[in-house]
Each structure stands twice: as structure tokens, then as C-alpha cells.
Amino acid sequence: MQSETNEKLAHDAKHGNTHALEALLSRFKPLVKNKAAAYFLAGGDRDDLIQEGMIGLYKAILDYIPEKNPVFSAFASLCINRQILTAIKAAGRQKHSPLNASLALETAGDTPLPHSNPESLLISRESSQDITLFIRENLSPLEYDVLMLHIDGMSHAQISETLQKPLKSIDNTLQRVRKKVRSRSKD
């Protein structure tokens with residue numbers, strides 16, 4: 001099974017081969033852990049996000065169609081991200097607070113930052129009202145809009161399209177927001 005391609009394993013797993021399924025789950029578990037480390041789940045922990053990511057991977061195996069998605073790893077990555085974000089959104093709705101939703105610590109193509117999530121430290125130290133006040137006082141209108149859309153689960157490209165701003169501008173804005181929040185969490 002080690003020499004089998006991801007695409008072959010996905011095909012075999014989809015058609016009932018449990019060894020192929022186990023091999024894919026094992027092969028992609030580090031990717032799932034890596035993606036889960038980049039997010040915060042209100043009322044949950046990292047293991048919950050890993051479990052959601054594994055569910056996303058399993059769905060990717062079941063839904064994989066080689067003709068539509070020739071590279072399984074890219075399709076799996078997308079499914080893992082979507083499952084994790086869906087779980088985060090659901091947790092955020094239960095808490096009735098938009099600030100409890102995720103704030104990804106990675107941007108497309110970058111390596112995720114370590115699990116010590118400054119945003120989660122800030123949330124655990126201060127009340128939601130204090131955080132809201134800090135955000136409103138310290139973020140520009142563009143930074144605030146971008147943050148709220150990001151918390152709602154929009155991708156950088158979707159935010160760019162919604163706000164009619166260049167993608168690079170959205171990326172830079174999110175970096176400024178992260179820097180401001182991190183500097184506040186150190187106080």
C-alpha cells in the first residue's frame with residue numbers, strides 16, 4: 001500500500017477496500033493535524049477539530065471522482081478545510097457571538113503558525129464586550145469589514161470580490177488585523 005498513489009488508494013477505498021481506506025487515513029492524518037492547528041474552536045479543543053478534519057477526509061474519499069479532480073490530495077485538502085470551517089461556524093452560532101468563530105492563522109500556501117493562538121488567548125482573558133470594543137476602536141473600517149467577513153468563513157478571494165478590493169489588499173489587511181490583535185493579547 002505504501003507505493004500506491006493516493007488516487008488509486010482513494011478509488012479502492014471508495015469501493016470497499018478497508019486496507020486502502022486505512023492507508024489513506026494514516027497518510028493524510030498529518031495534513032489534518034496541520035490544518036486543525038491553524039484554527040480555534042469555541043467550546044472545543046484541537047482534538048475536536050482534528051476529528052472534524054478526519055470526517056472531511058473520509059467524505060473526500062467517498063466523493064472523489066478522478067475525472068473531476070485528478071489530484072486527490074488537492075481535493076482532500078479542500079474537503080478537510082470545509083469540514084473544519086463548517087464545525088467552527090456551527091460552534092459560533094451556538095455561542096451567539098461572531099468573535100467565537102475561527103480566525104485562520106494561515107494564508108494560502110503558507111505554513112501554519114504554532115498552535116499557541118493569540119486570538120484564543122485574548123478571548124480567554126477578556127470578555128466579549130472588551131474584545132468588541134478593542135476591535136471597533138483599533139481597526140480601520142476596512143480592517144473591521146475584512147475581519148467580519150473572514151470570521152463568517154469567507155475565503156480571501158470571496159472577501160476580495162465582496163469588497164471590490166484586490167486580493168493582495170485583503171491579505172495585507174488580515175495580516176494587519178492579526179498583528180494588532182497579537183499586540184493587544186501581549187498587554
What is the distance from atom CD of Glu52 to atom CD1 of Ile84, rounded to the nearest 0.5 Å? 8.0 Å
Quick check: closest heavy atoms across Pro70 and Glu7, and the distance to 0.1 Å? O-CG, 3.4 Å
Is the side chain of Thr86 donor-acceptor paired with the backbone N or O of Arg82 at a distance under 3.5 Å, no angle test? yes
What distance do Lys33 atom NZ and Ile80 atom CD1 have between them, rounded to the nearest 0.5 Å? 13.0 Å
Kindly assign one of parallel, tilted or perpendicular to the pair Phe72 and Phe28, based on the angle between their ring planes and the thresholds 30° and 60°. perpendicular
Could you list the residues that satisfy salt bridge (Lys or Arg N to Asp or Glu O under 4.0 Å) with Lys165, not counting sequence neighbours? none
With side-chain contact (heavy atoms from CB on, under 4.5 Å) as the criterion, how do Leu57 and Leu24 come out once you've worked through the C-alpha distance, each side chain's angles and the decisive distance to 0.1 Å? CA-CA 9 Å; Leu57 175 58; Leu24 269 180; 5.7 Å; no
So if you build clusters from Ile, Leu, Val, Met, Phe, Trp, Tyr with side-chain heavy-atom gaps below 4.5 Å, do Leu21 and Ile55 land together? no
Return the minimal non-hydrogen interatomic distance between Leu49 and Tyr39, and the atom names on each side. CD1-O, 3.6 Å
Rounded to the nearest 0.5 Å, what's the gap from CG on Asp12 to NE2 on His19? Could you check? 11.5 Å
Considering all heavy atoms of both residues, which atom of Arg178 and which atom of Gln175 are nearest to each other, and what is their separation? NH1-NE2, 3.1 Å
Please name the pair of heavy atoms, one in Asn81 and one in Lys35, separated by the smallest distance, quoted to 0.1 Å. OD1-CD, 3.3 Å
Are Leu78 and Met54 connected in a single hydrophobic cluster, I mean Ile/Leu/Val/Met/Phe/Trp/Tyr linked by side-chain heavy atoms less than 4.5 Å apart? no
Look at the side-chain heavy atoms of Ile, Leu, Val, Met, Phe, Trp and Tyr, link any pair under 4.5 Å apart, and say whether Ile65 and Tyr58 land in one connected group. no
Rounded to the nearest 0.5 Å, how far apart are NZ of Lys29 and CD1 of Ile50? 7.0 Å
Indicate, with yes or no, if Tyr64 and Val71 share a hydrophobic cluster defined by side-chain heavy-atom contacts under 4.5 Å among Ile, Leu, Val, Met, Phe, Trp and Tyr. no
Between CG on residue Asn69 and SG on residue Cys79, distance to nearest 0.5 Å: 8.0 Å
For the pair Thr162 (side chain) and Gln158 (backbone), establish whether a donor and an acceptor sit closer than 3.5 Å, ignoring hydrogens and angles. yes
Which of Val146, Asp171, Thr173, Leu149 passes side-chain contact (heavy atoms from CB on, under 4.5 Å) with His156? It is Asp171
Roughly how far, to the nearest 0.5 Å, is CD of Glu161 from CD1 of Ile159? 11.5 Å
For Asn6 and Ser73, the nearest pair of non-hydrogen atoms, with its separation, is ND2-CB, 4.2 Å
Minimal non-hydrogen separation, Pro166 against Ser160, with atom names: C-OG, 3.6 Å
